[in-house]
Protein chains: 2
Amino acid sequence: MLEPLPVLTPAGTRLLDAASTLFYEHGIRAVGVDLIAERAGTTKKTLYDRFGSKDRLVALYLRRRAQRMHEFVDSRNADVPPGPARVLAVYDALAEWLSMQGRGCGFVNAYAEVGGTDHPAVEVIRAEKAWTRELFAGLAREAGLAEPDRVATELHLLYEGATVIATAGGDPDVLAAARAAAARVVAGA
Amino acid sequence: MLEPLPVLTPAGTRLLDAASTLFYEHGIRAVGVDLIAERAGTTKKTLYDRFGSKDRLVALYLRRRAQRMHEFVDSRNADVPPGPARVLAVYDALAEWLSMQGRGCGFVNAYAEVGGTDHPAVEVIRAEKAWTRELFAGLAREAGLAEPDRVATELHLLYEGATVIATAGGDPDVLAAARAAAARVVAGA
DNA sequence: CTGCGAGTATACCGACCGGTATGGTTACGT
DNA sequence: ACGTAACCATACCGGTCGGTATACTCGCAG
């Protein structure tokens, strides 16, 4: 939110693309900068010229991932009329998003590795979780629900819980249950 | 569940204790076996004599963590009479547990690092999430709630969501909101 | 007395870690 | 024609990674 994503050179783009795939798929510490450079068809030198450090590359990976996730949810929501249906559409978007990805929430995963440090990724992760809550709060208000703040918190809880259980719990069916629970929350408000 | 925790030699115990603290606090890949051995006041040789590999030590760390978490929840529940109150007591136990730990769910964190591999920790993590859901299902039945299965899933969603938001989201207050939401679910069943 | 499990101490292995250094080659704008 | 940004290629740095090897001491049970 603070600053837009920087414009990247061609090799810089390939580096960020490769890093994003590798970080999401295998984790941050599991991926070395040598591998990233090789997968991008360039060199470590270029990586450090463009991004300065691995930590900053990691933070950029998450910032771009957040932006893409937001665009994805917004575009899915645009197909749904405002109101309670649009609130629930977020769960459909989540189900679709997770089915394409397979390793769960990249922000939760990243926090598992950098939490408790001063890594530049930490503030990006916190901001993403705050954005999600505000997404629900805005939609709840838009739908004219009573107690939009309380409702938004509950919807957010169900959303994050569904992501975790679908991934670490190995139970993708829970997404439908979360959507049904959210529908109950919305109907009661 | 499959097998009880093995009896450990004195040095083995110190190794598992040191590894548990370090893995939980800093993550799995961030901690090397040399550091674990040093912190345990012993040697890498003894570590490999006792545990065979780092992966097996990681799995054991999670198995013992699960057992201790279960004992903690069970003991807290024993202080509460059976019924709806006991269902909600799990959220109080979670709040107390998390306040002591500070790095969130060790199983979710571990899955962020080993998910998508054949690491022996994966099945331990899945079993832990299944245990949590069954905990809620058992308590819901004990309390005579209608649709105990559906209720258990919703309580589990709120539980995992609260853990994630309190940790990665940096918002510990959400635990009270999750408890209140759970109370609403219980009251409606 | 012997054998064995447990532990200590140290050295080593190849591989990889994040990061730096040097030097050279394009392509483009002024 | 010149500067410069972008990129490539390669070699190197100290340090750590998971894991193995060798050789030793101790206490205990047969």
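Keep in mind that what you see is a predicted model, and the values were worked out from it rather than measured.
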For DNA chain D, whose closest nucleotide is more 5', that of B:G52 or that of B:L35?
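Counting from the 5' end, the first nearest nucleotide belongs to B:L35.
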
Please list each protein N or O that sits under 3.5 Å from an N or O in nucleotides 7-13 of chain C, with the distance.
residue	atom	partner	partner atom	Å
C:dG7	OP1	B:T9	OG1	2.9
C:dG7	OP1	B:P10	N	3.4
C:dG7	OP1	B:A11	N	2.9
C:dG7	OP2	B:T9	OG1	2.9
C:dG7	OP2	B:R50	NE	2.8
C:dT8	OP2	B:T42	OG1	2.3

Taking only residues two or more places apart in sequence or in another chain, which ones pass side-chain hydrogen bond (donor to acceptor under 3.5 Å, both in side chains) with A:R56?
none

Residue from A:R103, A:E113, A:K54 passing side chain to side chain contact (heavy atoms under 4.5 Å, CB included) with A:F23:
A:K54

Whole angstrom value for the distance that separates P of D:dG15 from CD of B:E38:
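The answer, rounded to whole Å, is 16 Å.
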
Rounded to whole Å, OH of B:Y48 lies from P of D:dT22 at a distance of 18 Å

Separation of atom CG in A:D55 from atom C1' in C:dG18, rounded to whole Å
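Distance check: A:D55 CG to C:dG18 C1' gives 10 Å.
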
Sequence-distant partners of A:E96, side-chain hydrogen bond (donor to acceptor under 3.5 Å, both in side chains), two or more places apart:
A:R76

In the hydrophobic cluster built from side-chain contacts under 4.5 Å, what are the other members alongside B:V7?
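Members other than B:V7 - counting any ILVMFWY side chain reachable under 4.5 Å - there are none.
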
Nearest-angstrom distance from the residue atom CG of A:L47 to C1' of D:dC8:
14 Å

Partners of B:T153 by side-chain hydrogen bond (donor to acceptor under 3.5 Å, both in side chains), sequence neighbours excluded?
B:R133

Who else is in the cluster with A:V164 when I, L, V, M, F, W and Y are joined by side-chain contacts under 4.5 Å?
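Members alongside A:V164: A:V108, B:V108, B:V164.
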
Just the rounded figure in Å: distance from C1' of D:dT20 to NZ of B:K54.
17 Å

Protein-nucleotide distance (B:R29, atom CZ; C:dG18, atom P), rounded to Å
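It works out to 10 Å between those atoms.
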
Just how far, in rounded Å, is C1' of C:dC16 from CD1 of A:I36?
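For the pair A:I36 CD1 and C:dC16 C1', the rounded distance is 14 Å.
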
